[in-house]
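Below is one structure; the comments refer to it alone.
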Amino acid sequence: MDKVKVMVVFGTRPEAIKMAPLVLELKNREQVECIVCTTGQHRQMLDPIIEIFGLDVDFDLNIMEPDQTLSMITSKTITGMEPVLEKTKPDMVLVHGDTSTAFAAALAAFYRKIPVGHVEAGLRTGNRYSPYPEEMNRRLISEIAEMHFSPTKSNAENLRRESVTGDIFITGNTVIDALHTTVSKSFRFYSDCLLDIDFDRERVLLVTAHRRENYGRPLENIMNALRDLAYAYPDIRIVYPVHMSPVVRDTAERILGNVPRVSLIEPLNVDEMHNLMDRCHLVLTDSGGLQEEAPALGKPVLVVRRETERPEAVEAGTVKVCGVERETIFRMASELLDSEEAYSQMANAVNPYGDGKACRRIVDAILWRFGFSERPGDFMH
Ligand code: UD1
Ligand code: UDP
């Protein structure tokens with residue numbers, strides 16, 4: 001063997017952002033032939049990321065449908081992957097995280113006995129219904145994968161406790177590699193909705209929310225708490241790039257549509273999103289990725305979920321899990337808006353999730369497996 005053929009599969013926004021620097025690193029190595037396959041699970045939110053990172057996509061399954069069900073994503077990905085794997089015969093398939101694209105692609109590779117590498121392996125809440133269905137997707141991928149790339153030591157410990165098959169590497173999270181390429185103090189916003197923000201006068205509360213387990217009452221509670229905050233604090237601006245899920249869109253529009261100082265905007269491209277995070281005051285989110293990015297940028301994060309699979313920044317003191325009750329969310333956000341001391345206790349840049357070298361470690365580990373290089377050292381926080 002003179003080259004290892006590695007297929008990278010992704011389909012949603014966060015997977016694309018976190019796999020992009022890995023694709024670039026794989027393409028940089030002469031012992032690797034990198035093939036990129038996207039399922040297109042997120043058609044509109046995915047394409048700008050592919051463009052901004054300059055990724056060449058070899059196969060696009062184009063599976064997305066409005067209001068798609070989990071079974072639709074899973075079945076279309078498995079059947080779509082079959083001819084792609086048959087044609088390309090990769091030596092390894094890399095999947096990311098906990099999406100249905102990742103689970104179904106891993107299963108499709110397993111059906112062909114192709115080894116799977118799992119990037120962002122070992123995160124757990126211990127609750128199979130939260131995040132739903134992601135906790136189960138991630139666990140099932142751990143069963144299938146033969147190489148596990150864990151962002152942190154405690155993620156790797158979770159996998160060792162479960163006695164998973166294969167090799168475990170602690171690499172840091174590739175999202176930190178991505179952040180290093182997007183954030184800059186001289187960055188200029190280009191979307192109209194961001195150009196009129198006066199960051200010196202307005203305290204920007206950056207919001208995202210999209211989790212399926214929050215659909216219904218929890219999402220309404222989150223939106224109502226934001227509404228209460230907008231009326232209570234005349235100097236804040238809530239900037240909320242709304243996820244394209246119709247359920248999320250309808251709820252956001254219904255509760256926040258006409259509230260002063262609430263900007264409901266289209267999803268931002270990743271470069272604007274990361275730089276907005278760098279300049280905002282506070283982040284309120286149920287997103288996984290934002291819980292990793294905002295601490296690295298020194299921004300306090302309130303997580304509007306009941307639990308998190310990312311406890312590291314909670315332990316470091318920059319993230320608080322505040323649940324999904326309207327009054328609790330309002331109270332915890334108010335505390336940070338009212339008290340400089342409470343705010344500055346949380347506003348410390350901490351980076352338990354990586355040092356920007358995760359992709360290098362992952363590629364080195366793959367090359368080690370195929371006999372091309374030494375086993376890489378672990379990321380130490
Ligand atoms: C998916 C992932 C979740 C991840 C999230 C990131 C699963 C099961 N869930 O959830 O882990 O946190 O992505 O955002 O894989 N839509 C569009 N255009 C797009 C994207 C979405 O119109 O570019 C709409 C479609 O109507 C789609 C719906 O959003 O049916 C939901 O998308 P889907 O990928 O099914 O679920 P997410 O909640 O985005
Ligand atoms: N993001 C983005 N534009 C937006 C909202 C989020 O580029 O309008 C980025 C965000 O910075 C992070 C990723 O998308 O890198 C997180 O994706 P999402 O919240 O959809 O999924 P999760 O991380 O919860 O799986």
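Both counts, for ligands and for their atoms, begin at 1 and track the order of listing.
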Would you call Glu82 and Arg112 a salt bridge, taking side-chain N to carboxylate O under 4.0 Å as the test?
no
Basic-acidic side-chain contact under 4.0 Å: Lys76, Glu65:
yes
Leu46, portion touching ligand 1 at heavy-atom distance under 4.0 Å
neither
Nearest-option assignment for atom 24 (O) of ligand 2, heavy atoms, candidates Pro48, Gly288, Gly97, Ala209
Gly288
Any Lys/Arg nitrogen of Arg139 or Glu162 sitting under 4.0 Å from an Asp/Glu carboxylate oxygen of the other?
yes
Mind checking whether Pro14 has an N or O less than 3.5 Å away from an N or O of ligand 1?
no
Pick whichever of Asp271, Val242, Val283, Val270 has a heavy atom sitting closest to atom 7 (O) of ligand 2.
Val270
Just distances here: any N/O of Glu266 and N/O of ligand 2 closer than 3.5 Å?
no
Close N or O approach (Leu268, ligand 2; < 3.5 Å):
yes
I'd like to know if Glu325 and Arg217 make a salt bridge, using a cut-off of under 4.0 Å between side-chain N and carboxylate O.
no
Relative to each other, are the rings of Tyr343 and His281 parallel, tilted or perpendicular (30° and 60° limits)?
parallel
For ligand 1, which atoms sit closer than 4.0 Å to a heavy atom of Gln44?
17 (C), 18 (N), 19 (C), 22 (O), 23 (O)
With a cut-off of 4.0 Å, which atoms of ligand 1 are near a heavy atom of Pro133?
8 (C)
Quick look: Asp286 vs ligand 2, heavy-atom contacts under 4.0 Å, and the answer is neither
Consider every N or O of Arg13 and every N or O of ligand 2, then say whether any pair is closer than 3.5 Å.
yes
